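Each remark here refers to the structure printed beneath this line.
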Amino acid sequence: MSHILLVEDDKRLSQLVCEYLTQHDFKVSALPDGTDLLETLKQIKPDVLVLDVMLPGENGFTLCKKIRPHYQGPLLFMTAKDNDFDHVLGLEIGADDYIVKPVEPRVLLARIQALLRRSALPQSQSEQAKQLCFGQLQLDYLARKVVLHGQDVPLTSHEFDMLWKLASNASQLVDRNTLYRELIGREYDGLDRSADVRISRLRKKLKDDPRQPYRIKTIWGKGFYFVADAWG
């Protein structure tokens, strides 16, 4: 039974979501704000964190930045703000997906299930190589660990999945449609910037030049290209 942690200050909505997810065989814990979030994450280790953006005290964006060094699992933002800026900001600071209020329970359920499927995907790919090495970059598939120039690089589970997909296809173009279907769980609609934001986060953590990236390149209109010999 997957365990969901919901942080939502609207009591009615929180109750609705908890009841609906429980009916669909999830274990659900709920918090009204982020005061005890970090400690709760350490105690229950949820499979998915659903985090409201507009909370009393610290908002969801601030909380996301605070917890990401300690929680690398799937994080889904719920936001009442239906604009690209908030969506991109949420992804940039570490969210894996977002859903706009008012929340349709069936849509929320589908998004959570998609996050869980993508989290479970690497464990089913036993036929893949367990380790990859490119110069000073090492990826350990089983440990979900990345080391660059002897230093551990902290990645969320979905950042690791993105990097592994690209590195497993080093020196080959990985098209956007494939990334969206396999790693984000939906078809690319031509406007969704989720993959671009995650690539941007990876570049920052892997010391790639954001203005002229030479390690993970964007092939405009097509996809992304992992440069195998750029990790010396």
Side-chain angles (χ1 to χ4, degrees), residues 47-48 64 68 72-77 84 86-100 107 110-132 134 137-142 144-146 148 153-231:
D47 297 290
V48 177
C64 181
R68 260 321 188 190
Q72 284 76 49
L75 190 157
L76 171 68
F77 269 134
D84 289 340
D86 286 296
H87 297 169
V88 171
L89 177 60
L91 294 169
E92 283 179 340
I93 62 176
D96 297 293
D97 203 353
Y98 57 84
I99 190 169
V100 177
V107 176
R111 293 292 182 88
I112 289 173
Q113 290 173 331
L115 288 172
L116 288 170
R117 284 195 300 271
R118 297 200 297 278
S119 295
L121 184 61
Q123 284 71 41
S124 68
Q125 296 176 331
S126 57
E127 73 280 3
Q128 293 195 18
K130 299 300 185 290
Q131 294 184 335
L132 296 172
F134 303 90
L137 177 71
Q138 293 89 42
L139 287 78
D140 188 318
Y141 183 80
L142 295 180
R144 313 277 289 172
K145 182 178 179 180
V146 176
L148 179 61
V153 180
L155 300 181
T156 68
S157 60
H158 293 290
E159 287 170 349
F160 182 90
D161 291 342
M162 179 77 76
L163 180 59
W164 184 268
K165 179 67 176 179
L166 296 173
S168 298
N169 294 275
S171 302
Q172 301 177 51
L173 176 70
V174 179
D175 67 90
R176 285 178 180 273
N177 290 330
T178 298
L179 284 180
Y180 274 83
R181 281 196 306 269
E182 296 185 7
L183 301 183
I184 300 178
R186 54 180 177 265
E187 295 293 326
Y188 178 56
D189 62 5
L191 299 174
D192 194 330
R193 296 181 59 194
S194 300
D196 297 271
V197 172
R198 293 179 194 182
I199 292 294
S200 177
R201 287 191 346 228
L202 279 174
R203 286 175 177 147
K204 184 181 298 184
K205 293 183 177 182
L206 296 171
K207 311 301 182 184
D208 201 0
D209 187 341
R211 291 170 295 182
Q212 291 185 316
Y214 64 98
R215 289 177 160 171
I216 301 176
K217 295 185 177 182
T218 299
I219 310 301
W220 295 108
K222 294 183 178 180
F224 302 95
Y225 185 92
F226 180 97
V227 183
D229 59 356
W231 306 90

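If you're wondering where the values come from, they're calculated on a predicted model, not measured in any experiment.
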Using side chain to side chain contact (heavy atoms under 4.5 Å, CB included), reason through L183 and H158 one step at a time and then give a plain yes or no. CA-CA 8 Å; L183 301 183; H158 293 290; over 6 Å; no
Considering only heavy atoms from C-beta outward, does the side chain of V153 approach that of L163 to under 4.5 Å?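 V153 vs L163: side chains apart.
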Without swapping roles, check the side chain of [X] against the backbone of [Y] for a donor-acceptor pair under 3.5 Å.
X	Y	answer
R144	S157	yes
D140	K145	no
Q138	F134	no
R201	I93	no
Y214	A230	no
D175	K222	no
Y180	D192	yes
D208	I216	yes

If I compare all heavy atoms of [X] with all of [Y], which pair ends up nearest, and what's the gap?
X	Y	value
T156	G94	CG2-O, 4.4 Å
S171	A228	OG-CB, 3.5 Å
L76	I99	CD1-N, 4.1 Å

Begin from the C-alpha positions of R176 and D189 and carry the test salt bridge (charged side-chain N to carboxylate O under 4.0 Å, His left out) through to its verdict. CA-CA 10 Å; R176 285 178 180 273; D189 62 5; over 6 Å; no
Under 4.0 Å between a Lys/Arg side-chain N and an Asp/Glu carboxylate O for D196 and R203? no
Stepwise salt bridge (charged side-chain N to carboxylate O under 4.0 Å, His left out) check, D97 with R198: CA-CA 11 Å; D97 203 353; R198 293 179 194 182; 5.7 Å; no
Per the side chain to side chain contact (heavy atoms under 4.5 Å, CB included) rule, which among D161, L139, V146 passes with L155? V146
Could you tell me how the ring of F226 sits relative to the ring of W231: parallel (under 30°), tilted (30 to 60°) or perpendicular (over 60°)?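 Rings of F226 and W231: parallel, as their planes differ by under 30°.
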